[in-house]
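Just below is one structure, and these are the notes that go with it.
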Amino acid sequence: MAIVGAADTEVGKIPHLSPTALCIDAARRALEDAGISKDQVDGLVTCNSMAEPYMYHAEAIAEYLQIFPRYCISANAGGGTTFSTIQHAATAIAAGVCDTVLVTMADCLRTGLSREQAKKMQSSTGHPEFETPYGATVPAFYALIARAHMDTYGTTPEQMAAVAVSGRRHAARNPAAQMRELITVEDVLNSRMIADPLHLLDCSLVSDGGAAIVLASAERAADFPHDSVYILGAGEGHSHEHISQARSLTTSAALESGQRAYRMAGLGAADIDVAQIYDCFTPVVLIELEDLGFCEKGEAGAFVESQGTALEGPLPMNTHGGMLSHCHPGNPGAMFSLTEAVTQLRRIAGDRQVQDAEVALVHGQGGIMSSHATLILGRERD
Amino acid sequence: MTDHSGKFLPRPRPETAAWWQSCREHKLNIQRCSGCGAFQFYPRIVCSSCMSGKVEWVQSAGRGKVVTFTICRLPVAEAYTADLPYVVALIRLEEGPTMMSNIGECEPESVAIGMPVEVTFQKWSDDITIPQFLPALAS
């Protein structure tokens, strides 16, 4: 399976476009990148928008574009879902259900949410009866995980802060990123405490933005104008929905999603040249780095602190700046790590290009470390 | 008395109504499977260990330990502002199941992982009395 087109919209604060328009803008750019017309799309995957939800989102986008796909689904959860929809779409192509799938996702959490919608979003994160009443914000849910990881492995606030510093250093080299000013560990620790131990700069951005890709079978890759990027492996893991029901607070289902993706690709963590790891909050990255096999349990903090994830380090990570510094528009957040992986493997990332990048790993998670999906991508078909 | 009316009040469902009734009576109930003996929380119509439908209510001792916690410095909604800073924690009950709650009646900074806590109840509305935890008295 091949990614034959990929593009991002502008990100950050985009008051002149509605979430629907941004979703269409992402689609238009990706189709242009793939060099195809909308009428060649026979599969459509979207995710619902929080700011402008439709009952049947993908159908609404198809209608807007006046396309009439054979395969049309919308996924309404963020994080891991982004990559699991890629797996679903690839499966649909492999099964002969459709040939050319457009995956387009956008939302406007920065300028598009009403007060009521923002409140609803916060309240819908926890279990409505047994968690939500206790008043945890989204950062507070993740702070529960951070605290547990600190307690079990001795992880420090400085090590979590190093994740934000690493992402920002890369964002500084990415003209498209929302936040490009360099920060230090001290800046993170001195930023406002949101939910102990998480500071403001341990939390991802709130953004408007969209991104899209076009997926087709590897046999057709030569029909498209740019270097195709091949999907070598895909895997998912699901451990819970609500954090109070988690099997473990410090080991996630990234363990399974990673192992499944590696197995399909016939590769391991040591083969990965560049990784885009879901970074909604800094401690999430540490757990994912460990569960995906890049570090032993408890060692990710020291790994990031010692520049392990820098562009010139052993595992260049979140080379676009990630959700901590590039953008995070909610459900579509992980799409940008996918388009960034394509950019890296096409070797057109400019100042932030990872030298000789052959194999990339992208990982997303949704819920509160609940649902995980991993993709392994390569420049070569096998 | 604190006004809880703007908070995210739970809406009991048919299968959880009995649990909320027990809270109104200041009893913290959990479920035990009469097939395999497993305890569980939250309430379910089946045992999540063996899928038996024979789950029965038992009263928890209401004691447990803090598994993890955070101190919220920003409120999730305006109605929680008066509580700031407030502790949200996961508590492992002596019987085994884990539940989320707040820990009150202490300095938030004094809360620690492993700290023994015990249940208390707070009336939020005519229908909803909600379990809260506080540091356990030294025994």
Side-chain angles (χ1 to χ4, degrees), chain A residues 115-155 157 191-200 202-203 240-250 281 283 287 368-369, chain B residues 4 6-13 15-17 19-20 23 40-44 48 66-92 97-104 108-109 111-114 122 124-125 128 130-133:
Chain A
R115 218 181 149 76
E116 273 312 299
Q117 282 172 323
K119 192 169 159 183
K120 194 173 166 208
M121 186 180 93
Q122 286 272 8
S123 70
S124 60
T125 308
H127 189 291
E129 280 184 272
F130 302 109
E131 292 184 354
T132 301
Y134 297 110
T137 53
V138 175
F141 282 116
Y142 282 96
L144 295 173
I145 293 168
R147 178 76 67 180
H149 202 268
M150 288 167 71
D151 186 66
T152 306
Y153 297 113
T155 301
S191 65
R192 183 176 181 186
M193 189 68 93
I194 304 294
D196 306 33
L198 299 184
H199 303 81
L200 179 66
D202 286 303
C203 307
H240 58 274
E241 168 64 5
H242 304 104
I243 191 62
S244 61
Q245 301 287 319
R247 292 179 306 197
S248 163
L249 294 171
T250 51
F281 296 92
I287 294 174
I368 310 294
M369 294 303 271
Chain B
H4 299 287
K7 290 186 172 174
F8 295 123
L9 288 178
R11 288 217 322 243
R13 290 166 294 164
E15 65 271 28
T16 60
W19 189 81
W20 290 104
C23 287
Q40 66 183 11
F41 184 82
Y42 48 82
R44 294 159 162 93
S48 59
V66 174
V67 176
T68 187
F69 71 100
T70 183
I71 306 172
C72 289
R73 309 281 174 179
L74 284 182
V76 69
E78 238 160 74
Y80 291 81
T81 308
D83 298 338
L84 285 176
Y86 54 90
V87 175
V88 174
L90 296 183
I91 293 143
R92 189 173 164 90
T98 299
M99 64 183 292
M100 186 174 284
S101 191
N102 301 123
I103 297 174
E109 280 77 10
V111 174
I113 291 177
Q122 233 176 42
W124 281 13
S125 74
I128 297 299
I130 200 149
Q132 299 273 299
F133 282 76

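Residue numbers begin at 1 in each chain, while the letters A, B, ... track the order of the sequences.
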Parallel, tilted or perpendicular: ring planes of B/Trp19 versus A/Phe130, cut at 30 and 60 degrees: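 It falls in the perpendicular class, over 60°.
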Taking [options] one by one, which has the highest count of heavy-atom pairs under 4.5 Å against chain A?
options                           : answer
B/Leu9, B/Val88, B/Ile71, B/Thr16 : B/Ile71
B/Lys7, B/Met99, B/Arg13, B/Arg11 : B/Arg13
B/Leu74, B/Ile128, B/Ile91        : B/Leu74
B/Gly114, B/Pro10, B/Pro108       : B/Pro10

Euclidean distance, A/Glu129 CD relative to B/Met100 CE, rounded to 0.5 Å: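 Atom-to-atom, B/Met100:CE and A/Glu129:CD are 14.0 Å apart.
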Contacting region of A/Leu249 [heavy-atom separation from chain B under 4.5 Å]: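 Just its side chain gets close to chain B.
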Atom group of A/Pro128 that falls short of 4.5 Å from chain B, counting heavy atoms: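 A/Pro128 touches chain B through backbone heavy atoms alone.
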Contact leader toward chain B among A/Ile243, A/Thr132, A/Ile194, where contacts are heavy-atom pairs under 4.5 Å: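 The candidate making the most pairs under 4.5 Å is A/Ile194.
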Contact leader toward chain B among A/Pro139, A/Ala140, A/Gly135, A/Pro197, where contacts are heavy-atom pairs under 4.5 Å: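 Sorted descending by pairs with chain B, the first entry is A/Gly135.
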Test side chain to side chain contact (heavy atoms under 4.5 Å, CB included) applied to B/Arg73 and A/Thr137, A/Leu198, A/Asp196, the passing residue: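 By the side chain to side chain contact (heavy atoms under 4.5 Å, CB included) criterion, B/Arg73 pairs with just one of A/Thr137, A/Leu198, A/Asp196: A/Asp196.
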Exceeds 12 heavy-atom contacts within 6.0 angstrom, atom CZ of A/Arg247: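 Enclosed: over 12 neighbouring heavy atoms sit under 6.0 Å from CZ of A/Arg247.
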Enclosure of B/Glu78 CD (heavy-atom neighbours >12, cutoff 6.0 Å):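 Not more than 12 within 6.0 Å, no.
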Check against side-chain contact (heavy atoms from CB on, under 4.5 Å), A/Arg147 and B/Thr70: CA-CA 7 Å; A/Arg147 178 76 67 180; B/Thr70 183; 5.8 Å; no
Any donor-acceptor pair under 3.5 Å from B/Thr98 side chain to A/Ser244 backbone: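 A pair under 3.5 Å: no.
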Within residues 79-87 of chain B, residues adjacent to chain A where the heavy-atom gap is under 4.5 Å: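 So far as heavy atoms go, B/Tyr80, B/Tyr86 are the residues that approach chain A to under 4.5 Å.
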Min side-chain heavy-atom separation B/Tyr42-A/Glu131 under 4.5 Å: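 Sidechains of A/Glu131 and B/Tyr42: no contact.
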